[in-house]
Amino acid sequence: MVTKERPYHLVVFGASGFTGQFVAQEVAREQVVLEQSSRLPWAVAGRSREKLQRVLERAALKLGRPTLPSEVGIIICDTTNPASLDEMAKQAAVVLNCVGPYRFYGEPVVKACIENGTSCIDICGEPQFLELMYWKYNEKAAEKGSYIIGSSGFDSIPADLGVIYTRNKMNGNYQSLSIYGFGDQSHLKKLRNESNLKPVPIVGSKLKRRWPVSYCRELNSYSIPFLGADVSVVRRTQRYLLENLEQSPVQYAAYVTVGGITSVIKLMFAGLFLLFFVKFGIGRQLLIKFPWLFSFGYFSKQGPTQKQVDASSFTMTFFGQGYSQGVSPEKNKPNMRICTQVKGPEAGYVATPIAMVQAAMTLLKDISDLPKTGGVFTPGAAFSRTKLIDRLHQHGIEFSVISSSEV
């Protein structure tokens with residue numbers, strides 16, 4: 001609830017960063033289409049008032065809303081100043097945290113939000129940070145009624161909600177194979193070993209893993225394992241749905257298509273080139289200083305141009321198989337198949353802000369469909385019973401069934 005002491009529904013923290021400015025624009029766009037009486041008071045937050053003011057001015061120009069800068073609050077705070085983070089959290093119902101890398105800067109924001117009974121959404125793609133926040137703060141967040149929801153951008157809402165969508169459309173027990181950042185693997189492995197969690201049970205036959213480079217006949221393309229946070233997030237969601245909603249867990253693997261054999265060879269050479277450079281200090285410095293040169297034009301410090309953003313899109317294709325009602329997974333092969341897709345605009349600076357803002361709107365509006373208490377959640381755990389998929393669909397991230405059959 002917005003009160004005199006907590007005046008803002010939403011605060012975009014890190015709004016002057018490259019991704020944060022697009023999130024601020026998306027919040028502004030969301031408010032423009034609403035009736036005056038339905039608009040939510042919101043603010044931007046960061047270290048520099050001047051930079052935040054410029055972000056609002058650019059958003060006003062892009063949206064044709066000259067009064068926008070005077071309608072949005074500005075909060076000055078810094079991750080190195082816990083008191084300033086407390087002041088920000090006290091003023092917000094939901095903080096949209098855009099300040100990364102999260103394993104360096106994310107925990108103080110999570111801590112401040114929980115201490116002040118504020119919910120927080122981030123767009124983290126770092127499994128080690130996401131899982132660490134769960135183990136450190138889940139119980140405290142539940143006590144305070146704070147919903148801490150990570151990976152709510154392209155990492156990993158399309159994958160996590162895509163699995164739930166596919167399962168719901170199949171309406172049976174099923175295993176899922178999805179075709180479509182790198183983290184601190186040593187610390188992540190240690191964290192998982194210390195957690196002593198029992199393995200999630202496997203329903204039916206075990207999902208077969210593909211080779212590191214394999215040919216995907218369904219999409220006529222070679223594929224490699226997807227190394228982002230999606231697999232970690234989906235597995236945590238499936239554990240939550242099993243333990244809290246008694247839903248059969250889904251097996252899941254994720255791959256990214258890379259094209260033909262020529263693309264595979266190029267990718268291998270690029271990988272070897274990168275591995276060679278990161279082994280040496282001078283190599284790492286060169287990669288950081290001249291990313292455009294050493295990534296062969298794929299990455300730059302300036303980010304993509306508007307033309308590149310407009311020309312980009314993503315498609316995730318889910319191939320699911322499972323068992324119809326009455327068919328025993330223990331004694332039979334899967335007899336149901338389904339193919340679904342999640343499609344959307346450019347992943348990093350268009351789809352991610354859309355997903356993050358719609359997650360926040362869902363958190364504010366679908367209160368009765370959220371988990372009954374606060375905690376640290378994946379998107380699927382928090383939003384499996386809400387209208388988030390419908391909201392995403394209305395904003396250009398589309399979920400659809402391509403084919404479905406029973407053998």
Side-chain angles (χ1 to χ4, degrees), residues 12 14-34 44 51-52 54-66 68-69 72 96 98 100 121-123 125 151-159 161-162 178-181 219 221 226 228 230 256-260 263 266-267 270 291-317 340-361 388-400 402:
V12 181
S16 59
F18 199 83
T19 302
Q21 64 180 321
F22 290 105
V23 173
Q25 284 183 17
E26 188 61 29
V27 175
R29 186 178 291 107
E30 178 75 13
Q31 299 307 304
V32 165
V33 300
L34 296 175
V44 291
K51 289 182 179 179
L52 294 170
R54 285 199 293 271
V55 166
L56 294 176
E57 289 169 357
R58 284 196 296 269
L61 185 64
K62 186 165 186 176
L63 298 173
R65 189 181 177 84
L68 179 68
V72 180
L96 282 69
C98 303
I121 292 175
D122 69 43
I123 47 177
S151 50
S152 293
F154 178 73
D155 287 326
S156 296
I157 277 183
L161 274 293
S178 170
I179 310 291
Y180 32 108
L219 298 177
S221 175
F226 182 67
D230 289 357
V256 57
T257 55
V258 295
S263 298
K266 288 180 179 177
L267 188 66
W292 185 88
L293 177 63
F294 290 99
S295 67
F296 307 102
Y298 281 102
F299 299 98
S300 71
K301 290 185 177 180
Q302 289 73 37
T305 64
Q306 189 61 50
K307 184 178 180 181
Q308 289 172 322
V309 169
D310 294 341
S312 300
S313 63
F314 78 88
T315 300
M316 287 188 181
T317 305
T340 65
Q341 278 190 343
V342 181
K343 301 174 72 173
E346 190 277 333
Y349 306 113
V350 183
T352 286
I354 290 172
M356 189 182 205
V357 173
Q358 292 312 310
M361 299 304 292
L388 177 56
I389 288 177
D390 295 336
R391 288 192 172 91
L392 294 170
H393 202 90
Q394 293 167 8
H395 288 78
I397 299 178
E398 301 176 354
F399 293 69
S400 62
I402 304 303

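Computed over heavy atoms, backbone and side chain alike; hydrogens, waters and symmetry mates excluded.
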request  = Tell me, please, which residues at least two apart from Glu398 pass side-chain contact (heavy atoms from CB on, under 4.5 Å).
outcome  = His393

key: Results of side-chain contact (heavy atoms from CB on, under 4.5 Å) for Ser221 - residues two or more places apart only   = Thr257

ask   = Which value, rounded to the nearest 0.5 Å, describes the distance between Leu56 atom CG and Gln25 atom CD?
value = 10.0 Å

Counting only pairs under 3.5 Å, give me each side-chain donor-acceptor contact of residues 15-23, with atom names and distances, residues two or more places apart or in other chains.
from: Gln21; atom 1: OE1; to: Arg58; atom 2: NH2; distance (Å): 3.3
from: Gln21; atom 1: NE2; to: Phe18; atom 2: O; distance (Å): 3.4

key: For Val342 against Phe314, the heavy-atom pair lying closest together   = O-CE1, 3.6 Å

query = Which distance, rounded to the nearest 0.5 Å, do you find between the CG of Leu392 and the CE of Met361?
reply = 12.5 Å

inquiry  = Side chains of Gln306 and Asp310 only: does a donor on one sit below 3.5 Å from an acceptor on the other?
reply    = yes

task = May I ask you to decide whether Arg29 forms a salt bridge with Glu26, counting only side-chain N to carboxylate O separations under 4.0 Å?
result = yes

ask   = How long is the span from the CD1 atom in Ile121 to the CD1 atom in Ile157, to the nearest 0.5 Å?
value = 7.5 Å

If you look only at distance, which donor and acceptor atoms sit under 3.5 Å apart when one is on a side chain in residues 347-360 and the other is two or more places apart or in another chain?
from: Thr352; atom 1: OG1; to: Phe154; atom 2: N; distance (Å): 3.0
from: Thr352; atom 1: OG1; to: Ala347; atom 2: O; distance (Å): 2.9
from: Gln358; atom 1: NE2; to: Glu30; atom 2: OE1; distance (Å): 2.9
from: Gln358; atom 1: NE2; to: His395; atom 2: NE2; distance (Å): 3.2

task = Would you please name every residue forming a side-chain contact (heavy atoms from CB on, under 4.5 Å) with Ile389, sequence neighbours left out?
result = Leu161, Tyr165, Phe399

Which residues share a side-chain contact (heavy atoms from CB on, under 4.5 Å) with Ser400, sequence neighbours left out = Gln341, Ile402

remark   = Note: Leu68 and Ala60 closest approach over all heavy atoms is CD2-N, 3.7 Å

inquiry  = Just verifying a value: how many Å separate Ile123 CD1 and Ser151 OG, rounded to the nearest 0.5 Å?
reply    = 10.5 Å

